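Order of the sequence lines sets the chain letters (A, B, ...), proteins ahead of strands, with each chain counted from 1. Being a predicted model, the structure only gives us computed values, none of them experimental.
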2 protein chains.
Amino acid sequence: MIDAAGLRVMKAIADEGSFTSAANALGFTQPAISQMVRRLEQRTGTVLVERYGRQVRLTEAGQVLARHAVGVLAALDAAEEEITAIAGLRAGRVRLQAFPSSSATLVPKALAILRSRHPDITMTFTEAEPPQSLAALRAGDCDVAVIFATKDVDAGELVEDLSLLVTRHLLDDELRLATPKDHPLAQTGTASLSDFASEDWIAGCPRCRAHLVGLADKAGFRPTVSFEIEDYVAQLGLVTAGLGVALVPDIILNAAKHDDVATLSLSPVSQRQILAVTTPDLLRVPAVAAALDALCAAAGADPSTSPAELAASPA
Amino acid sequence: MIDAAGLRVMKAIADEGSFTSAANALGFTQPAISQMVRRLEQRTGTVLVERYGRQVRLTEAGQVLARHAVGVLAALDAAEEEITAIAGLRAGRVRLQAFPSSSATLVPKALAILRSRHPDITMTFTEAEPPQSLAALRAGDCDVAVIFATKDVDAGELVEDLSLLVTRHLLDDELRLATPKDHPLAQTGTASLSDFASEDWIAGCPRCRAHLVGLADKAGFRPTVSFEIEDYVAQLGLVTAGLGVALVPDIILNAAKHDDVATLSLSPVSQRQILAVTTPDLLRVPAVAAALDALCAAAGADPSTSPAELAASPA
DNA sequence: GGTAATGCATAAGTGTCGGTTATGATGAGG
DNA sequence: CCTCATCATAACCGACACTTATGCATTACC
């Protein structure tokens, strides 16, 4: 019934004191104001403007509208300002969920980059395994999910359903074998998984353990898992102590130097992709795009890389 | 840029959770919502709604709009309610100005009638002589002016410029001559002004005195004004004491019985009209119309009487 | 896993709203 | 008394916003 334009007109009349100057103030012509007032009057069924001679002044009802106009227009301006702030990266919030081992280096670095680039964007971060973070993304509880997906193996169920989502390749993470430095095969550089079939194994989370078992199964043995510890630093501690060997992702090894362990490339190589995932619509939200760029920068990946479609090519 | 309709739509989507049910809630069809959102998005340049699969949810920017919508729409509703309250006589204010002697009976009675009919209308009242009240009316500082104007005499300048105004006849007030009860002519009923040429006269305000002098001039004498007292009760007191005679309007005499004075009709009759005046636009304001009706009722006049146009007919 | 149902997007059509220019009427001022 | 200034009105016109009809995708169910 009453719209913002009408309020704007009433306020302009109240401020300017005449239709003509109100029209000038609003960038309209005088007849526009004239019939705008008439429309408002027949909509509300009240007299809003008192025409006396060639001067006009607001009636009580008209003053009511003009008075309310101040608050309403201010609120509209505030809303508009907030929107443009979000559009201009001067405000906004990005909810990030990432799998635990990425929290070590990738996520903190990305957060730092984002903050330095856009200090007014707030980023919230939650650790979550890929299935959980993707569920949150689908449920709308999360804006960006950082997940990993194995390229090669279909033994483990690490490839999630990424339909309806867009992914951005961050980096390829190689799974390396960590052994004590004095292990016989420590200096060989590359080794086959089966070479360590009789070793004691240190596994991490259930998913990681399942992956290990899957890889070993392809290599033809069943690993003896003597330790289950999720924390990779603790795992490397066990390796250092000579209590076993472990599969450790490259990003963990790169995070800090571990002089007391040797790492071997596996043959066949076991790589997993680390991906940032979001939805097509959120990709067009400036803050989300900035967060993805920050993640790419943190990973050293090319930010302009087109999204890697993984769903259709499990290789 | 952002209008109330857009906010309403965003809020409906936020509340209902889908375009379709939002459309139902607002009485629109689904495509209307769809392209309304699209318009809003390309106006603001931001993504407001995230489409995931066949479900939709608001982005941060969309939530900003939905959040502001609550306040804005509430303010609009409040404004609308105030307007309809004014239109429905459940609110409103009437600023009345009336000349002093009308305050005795007419105005209080009218105020009482108005209050009993429409208890929620506030009426403010200021005493003012006709020129002042009409000036206030023209300046927009007053809604209804109660004035008097002499029908017959053009000696006094009691006829104001009533162009651009509408008048409503309240009652005809006859100017009567008040004498002591024991005056020789007290029982004659009707007398000529010249019969009292040699009496001591009691006059009131400057305008009233001018009127008296004007009437006497037409009757061929110059009155001896021994007293000038504005208050009519005091004037009657002087008359009672036998100190002189006075011209007193009928409405004063009717207000209370004064057993110790005799009143005579004048020949020629000196009548003045008591009028309620307002502007054409204000006449269409319910509260003003109600106030005029109350004044008519208080005066015992027919409320349906068409406005008496006095300006063109001073005879 | 095929099929039906559901929900959003798009296209085309249409009316009305809200603006313009042009013109008239009328009060205010020199 | 004439002129200027202001509001009202008329005629015109484009664009916006809603409709119906349809397509396309996902989701759910058998």
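- Two residues are said to be in side-chain contact when any heavy atoms from C-beta on lie closer than 4.5 Å; A:Leu96 and A:Leu295 meet this criterion.
- Nucleotide C:dT20 holds its P atom 11 Å from the CG atom of A:Asn24, rounded to whole Å.
- Within the 4.0 Å cut-off from OP1 or OP2 of C:dG18, at least one side-chain nitrogen or oxygen of A:Arg39 is found.
- Of the side-chain N and O atoms in B:Ser34, one or more sit less than 4.0 angstrom from OP1 or OP2 of C:dA9.
- The nearest whole Å value for the distance from the CG atom in A:Leu26 to the P atom in C:dG19 is 10 Å.
- For the residue pair A:Thr279/B:Glu50, the side-chain donor-acceptor check at 3.5 Å is satisfied.
- When rounded to the nearest whole Å, the span between CD of A:Gln30 and P of D:dT9 equals 11 Å.
- Proximity of B:Thr20 to the phosphate of C:dC8: a side-chain N or O atom is located under 4.0 Å from OP1 or OP2.
- Side-chain atoms of A:Gln35 and base atoms of C:dG19 include a donor and an acceptor less than 3.5 Å apart.
- Taking atom CD1 of A:Ile33 as the reference point, atom C1' of C:dT20 lies 13 Å away to the nearest angstrom.
- Heavy-atom nearest nucleotides on DNA chain C were determined for A:Gly53 and for A:Ala32, and the one closer to the 5' end corresponds to A:Ala32.
- Looking at the side chain of B:Phe19, the nearest of the listed nucleotides D:dA8, C:dG19, C:dA9 is C:dA9.
- Two residues are said to be in side-chain contact when any heavy atoms from C-beta on lie closer than 4.5 Å; A:Thr124 and A:Val94 fail this criterion.
- Between A:Glu81 and A:Arg90 there is a salt bridge, since a side-chain N of the basic residue sits under 4.0 Å from a carboxylate O of the acidic one.
- Sorted by first and then second residue, the side chain to side chain donor-acceptor pair (under 3.5 Å) pairs involving residues 16-27 of chain B (not counting sequence neighbours) are B:Ser18-B:Ser21.
- Backbone-only engagement by B:Leu164 is indicated by non-hydrogen atom pairs under 4.0 Å involving sugar-phosphate atoms exclusively.
- Across all strands shown, B:Thr29 has heavy atoms under 4.0 Å from base atoms, whether or not it also approaches the sugar-phosphate.
- If you measure from atom CG of B:Asp281 to atom P of C:dG27, you get 13 Å, rounded to the nearest angstrom.
- Considering only side-chain N and O atoms, A:Arg43 lies under 4.0 angstrom from the phosphate OP1 or OP2 of C:dG18.
- Counting to the nearest Å, the C1' atom of D:dA25 and the CG atom of A:Leu165 are 15 Å from each other.
- Heavy-atom distances to DNA chain D give each of B:Asp3 and A:Pro31 a nearest nucleotide, and the one nearer the 5′ end belongs to A:Pro31.
- Side-chain N/O atoms of A:Arg51 include none lying less than 4.0 angstrom from OP1 or OP2 on C:dT26.
- The distance from atom CZ of A:Arg8 to atom C1' of C:dG18 is 15 Å, rounded to the nearest whole Å.
- In this entry the distance linking CD of A:Gln55 with C1' of C:dG27 reads 10 Å, nearest Å.
- Under 3.5 Å, the side chain of B:Arg54 and the base of D:dA25 form no donor-acceptor pair of N or O atoms.
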